[in-house]
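The block underneath contains the structure these notes are about, expressed in structure tokens.
Since the model is a prediction, treat every value here as computed from it, not as a measurement.
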Amino acid sequence: MRFVTIGLLFVSGLSFAAGSEWARPDSIWESHYRQRLEKVITAHYPWSIDRSGDPDAGKRAWSPLLANMWHDRHSDDALNEWIEGRGFDLLKSNTAGSFYKPFSCPGYALYYFLFKDQLPSAHRDLVKTMLYDKGWSYLRRPDHHMDPIYRITEFNSENFNWMSRLTGFLFAHEYNDPDQIDFFETYVDNWTRAIFNAGRVEWDSNVYFAYCFQPALVLYECAPTPKSKRQAQAVLDWMCITAALHYMDGFQSGPDVRAKARAYRPFDGSAWFYTNLYFAEFGAYPSITEQEWIDQAKRHFVGFAAWSSYRPPLVAIDIAQRRFETPIEMHNAKPFYHLDQNNYADWKGDTPSSRRFEFETLYLEKNYTLGSLATFRPDGNAVMNTQNQKMFSEQNVWRLAVRQHTGGALQVFGNAGEDMDMAGRCALEQIAQYENVMIRVMKHQLKMWIALPQSATVIRKDSILFANLGHNVYLAVLAFNLPLIDSATFDATHDRYTWHDRRSGDDLRGMVLEAGTKENYGSLETFIQEIMLHRQLTQVGDDSIQYVFDNKKLEMRYMPPTVYTLVDGTVIDPAGVIPRVWRDGREVEFSLWESYEVVRGEPIVSQEWSGGELSAQVYGKGMTIRADDRSADIRWSPIGETGIQEIPLPIHKTEGPFPFPNPFDVSTVIPLHCKEPGEVKIDIWNTNGQLVRTLFHGYLSAGQHRYKWKGLDDCGHAVARGLYFCRVSTPDKAFTFKLAYLL
């Protein structure tokens with residue numbers, strides 16, 4: 001794909017070049033992108049604008065108006081009709097428009113700044129009057145009052161803050177109000193630093209992706225300063241890359257999907273519109289038809305996309321289309337933080353309020369994604385909101401998505417206990433994953449179920465279930481202490497298979513899901529035979545289950561529920577407890593997980609906790625985005641032709657690129673590629689010939705592996721800066737490389 005410069009962007013009377021044009025798509029991509037956008041808008045013109053008076057109508061009113069105006073953008077008369085008519089209605093509305101409803105804020109701001117010079121003075125005066133009447137107080141509402149449904153301050157709706165605060169930033173600069181500028185600039189700086197030091201909380205796989213994406217999109221389009229434009233672009237790039245990691249055949253497939261009752265269905269949620277618009281490059285369109293996509297295009301979003309000059313990073317498109325070598329396993333730790341508090345330590349992960357509390361595992365194969373989430377957060381059953389609804393229960397903790405020949409990715413999902421739908425989860429179920437295998441364990445519950453698409457070929461052998469999910473992807477489900485299985489219709493697209501036990505009591509119960517492919521096994525029959533003959537699912541302690549597969553071991557110990565203490569000291573029950581997990585006898589240390597870290601396979605993405613940067617690459621080409629620790633300013637740098645060159649490492653049974661970065665100041669990654677299974681040892685030595693750290697010593701399977709050294713010895717103490725040696729050895733060969741640990 002060719003690189004081209006998008007050009008200069010003119011915003012609010014300022015002109016400055018957008019960052020990292022070298023990393024954006026080419027003119028061919030741009031042409032097809034515009035065709036997709038034009039077809040959606042033209043197919044529905046004129047777009048119907050919500051007039052219901054619903055308090056949330058802002059997310060259903062501004063976008064259709066903006067889509068209509070984009071369609072008529074070449075006609076001044078038509079634009080003036082929209083401005084004098086529905087545009088003015090929305091500007092003066094307290095529901096579908098205005099600063100008083102967070103969902104309205106991005107549309108309100110984009111409309112105002114796009115057409116400010118064409119708005120009658122009475123319209124502009126109305127906006128200023130509403131803002132200085134009570135608009136500022138709404139935009140600056142304290143975090144825990146932004147969404148009145150949520151009464152616990154630690155887990156408020158992050159998207160509400162983004163929508164309100166970024167809108168406030170734009171209008172603070174519009175009226176050159178020093179007090180407001182100071183408040184909202186602090187927020188935007190904190191927002192940028194937090195994302196690049198720790199990631200983010202809000203669901204990035206489904207429902208609320210776009211409602212966080214669009215405020216950043218509006219800030220990018222209307223930025224009053226070069227710095228804020230760079231910040232907006234960097235956050236949008238971050239979101240496109242994380243969306244690409246969860247993208248499968250037209251839809252989002254991560255485990256951290258808000259579990260609305262329909263969240264597993266195609267087109268239900270907000271992420272798919274932008275991801276298809278950006279990632280469906282010519283020749284790589286998802287298996288849904290173009291007409292399906294046009295018919296389902298959400299009116300909440302298309303108007304924003306139409307007026308936006310933002311373009312995603314090329315590397316995000318490459319990741320979404322899985323142009324890298326699969327499989328890849330990655331880990332991701334998600335944080336909590338308050339962005340209104342200008343507490344720099346929070347963005348570095350140094351305070352209790354910035355703790356990691358969700359731990360995502362993603363396994364990406366060519367035709368499927370298996371993801372799970374070990375989570376420790378408040379129990380939705382413990383606290384009720386003002387509408388007598390459960391809080392924090394609307395979340396899935398695992399998902400299997402499979403590419404199809406038509407219709408988009410199919411989703412496999414499930415729950416435990418008596419929760420027989422997708423509107424919640426069982427607080428007593430715990431989960432662990434090792435590459436293509438996932439264990440679910442529970443106590444005090446007698447049921448566990450999964451939902452399979454009705455198009456799947458299902459074979460039952462006693463209490464073991466096998467399925468051909470299409471596109472040469474197979475699934476095996478083995479139950480532990482759940483001997484009975486029955487099936488029923490879940491809905492028009494899925495059947496539910498439920499394993500249960502008639503005995504009561506507190507016995508340990510569980511389930512293993514293992515995914516396989518035709519490429520690995522040749523046929524479903526061979527896969528079934530392999531599972532039946534060579535898998536072991538056993539209890540190895542009072543509260544532990546072990547699964548042996550492909551010369552690997554995954555052991556999980558169920559941990560009894562404890563309490564969750566909020567930042568403000570409130571103690572409530574948890575909705576999840578982090579289990580103890582061992583992979584090949586080595587315990588998983590969840591607390592050390594990074595924001596994004598590939599633990600097996602090509603290092604397509606990396607973001608260290610408190611590292612201040614995100615790197616993404618496919619076959620050694622991509623980009624690094626860094627947010628300055630103190631100023632929150634942004635810079636991009638290329639990986640590839642003018643960046644890092646990967647050099648083969650010719651060791652016996654193991655080869656790969658040299659450690660990178662080298663020299664390093666925070667950490668370095670040692671990538672290895674094993675052509676065949678074998679014993680490998682990785683040691684770090686100092687210049688005095690003393691062993692400093694053994695990073696790994698054990699049996700490695702064939703494939704790619706990565707090990708990170710953060711400048712710590714075997715006791716966890718920081719070593720002195722200077723020269724070290726990395727020695728990679730097998731029983732009959734060894735190679736040594738210099739590592740420069742610099743200030």
Side-chain angles (χ1 to χ4, degrees), residues 1-4 19-26 29 195-196 199 204 233-247 275 278-279 281 284 311-332 362-366 369 594-609 611-627 634-649 655-673 703-709:
M1 181 174 287
R2 299 186 302 276
F3 293 147
V4 296
S20 65
E21 289 89 346
W22 45 264
R24 307 293 145 173
D26 66 7
W29 179 93
I195 287 168
F196 283 92
D204 57 20
Q233 180 171 358
V235 172
L236 291 167
D237 286 352
W238 193 100
M239 294 186 72
C240 282
I241 290 169
T242 189
L245 294 170
H246 296 89
Y247 180 84
T275 54
Y278 291 150
F279 301 153
E281 189 188 4
R311 299 297 179 260
L314 177 61
V315 68
I317 298 172
D318 289 340
I319 289 173
Q321 295 178 1
R322 304 213 172 180
R323 289 175 172 157
F324 51 84
E325 183 179 347
T326 58
I328 282 175
E329 182 184 20
M330 71 178 69
H331 293 161
N332 171 23
L362 282 178
Y363 187 73
L364 309 182
E365 261 283 9
K366 180 180 180 181
T369 296
E594 301 292 359
S595 299
Y596 274 115
E597 182 177 23
V598 175
V599 296
R600 180 194 171 187
E602 184 182 341
I604 59 173
V605 64
S606 176
Q607 182 183 5
E608 292 188 1
W609 192 275
E613 69 179 34
L614 172 73
S615 293
Q617 59 181 304
V618 172
Y619 287 117
K621 294 183 180 181
M623 64 193 298
T624 295
I625 313 168
R626 181 168 184 83
I634 298 294
R635 71 174 185 267
W636 289 261
S637 58
I639 300 172
E641 294 171 354
T642 58
I644 305 146
Q645 299 297 322
E646 296 189 355
I647 304 172
L649 173 62
E655 63 180 22
F658 283 123
F660 172 79
N662 190 21
F664 70 99
D665 59 357
V666 177
S667 66
T668 187
V669 173
I670 300 158
L672 305 172
H673 179 77
Q704 298 190 49
H705 307 270
R706 297 172 73 239
Y707 295 90
K708 182 181 291 185
W709 185 45

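- Taken from CE in M239 to CD1 in I195, the straight-line distance is 7.5 Å, to the nearest 0.5 Å.
- From E329, atom CD reaches atom CD of E365 across 12.0 Å, with rounding to the nearest 0.5 Å.
- Residue S637 holds its OG atom at 10.0 Å from CZ of R626, rounded to the nearest 0.5 Å.
- With respect to the salt-bridge test (charged N to carboxylate O, under 4.0 angstrom), the residues D26 and R311 do not qualify.
- Between atom OG1 of residue T369 and atom CZ of residue R322 there is a gap of 3.5 Å, rounded to the nearest 0.5 Å.
- In this structure E602 satisfies the side-chain hydrogen bond (donor to acceptor under 3.5 Å, both in side chains) test with no other residue, sequence neighbours excluded.
- Using the six-membered ring where Trp is involved, F279 and Y247 have ring planes that are perpendicular, over 60° apart on the 30 and 60° scheme.
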> Going through the checks in order, is the side-chain contact (heavy atoms from CB on, under 4.5 Å) test met by M330 and I604?
Replying inline: CA-CA 9 Å; M330 71 178 69; I604 59 173; 4.0 Å; yes

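- In terms of modelled atom types and a separation under 3.5 Å, the side chain of R635 and the main chain of T624 share no donor-acceptor contact.
- Annotation for K366: atom NZ does not count as buried by contact number, only 12 or fewer foreign heavy atoms lying within 6.0 Å.
- Heavy-atom minimum distance, V598 versus V605: CG2-O, 3.6 Å.
- The minimum heavy-atom distance linking F324 with I319 is given by the pair CE2-O, 3.4 Å.
- Between P603 and Q617, the closest heavy-atom pair is O-CG, 3.3 Å.
- Atoms NE2 and CG, on H705 and L672 in that order, are 7.5 Å from each other to the nearest 0.5 Å.
- Put simply, the side chain of I241 does not reach to within 4.5 Å of the side chain of Y596, judged on heavy atoms.
- For the side-chain contact (heavy atoms from CB on, under 4.5 Å) with V618, the qualifying choice from V315, I317, I639 is V315, the only one to do so.
- Taking OG1 of T242 as the reference point, atom CG of N332 lies at 6.5 Å (rounded to 0.5 Å).
- In terms of modelled atom types and a separation under 3.5 Å, the side chain of T668 and the main chain of P661 share a donor-acceptor contact.
- Panel note: side chain W609, backbone G199; no donor-acceptor pair is recorded below 3.5 Å.
- For the 3.5 Å distance criterion, the side chains of W238 and Q607 qualify, holding a donor opposite an acceptor.
- The minimum heavy-atom distance linking P313 with R24 is given by the pair N-NH1, 3.5 Å.
- Closest of all the heavy-atom pairs between I625 and D237 is CD1-CB, 3.5 Å.
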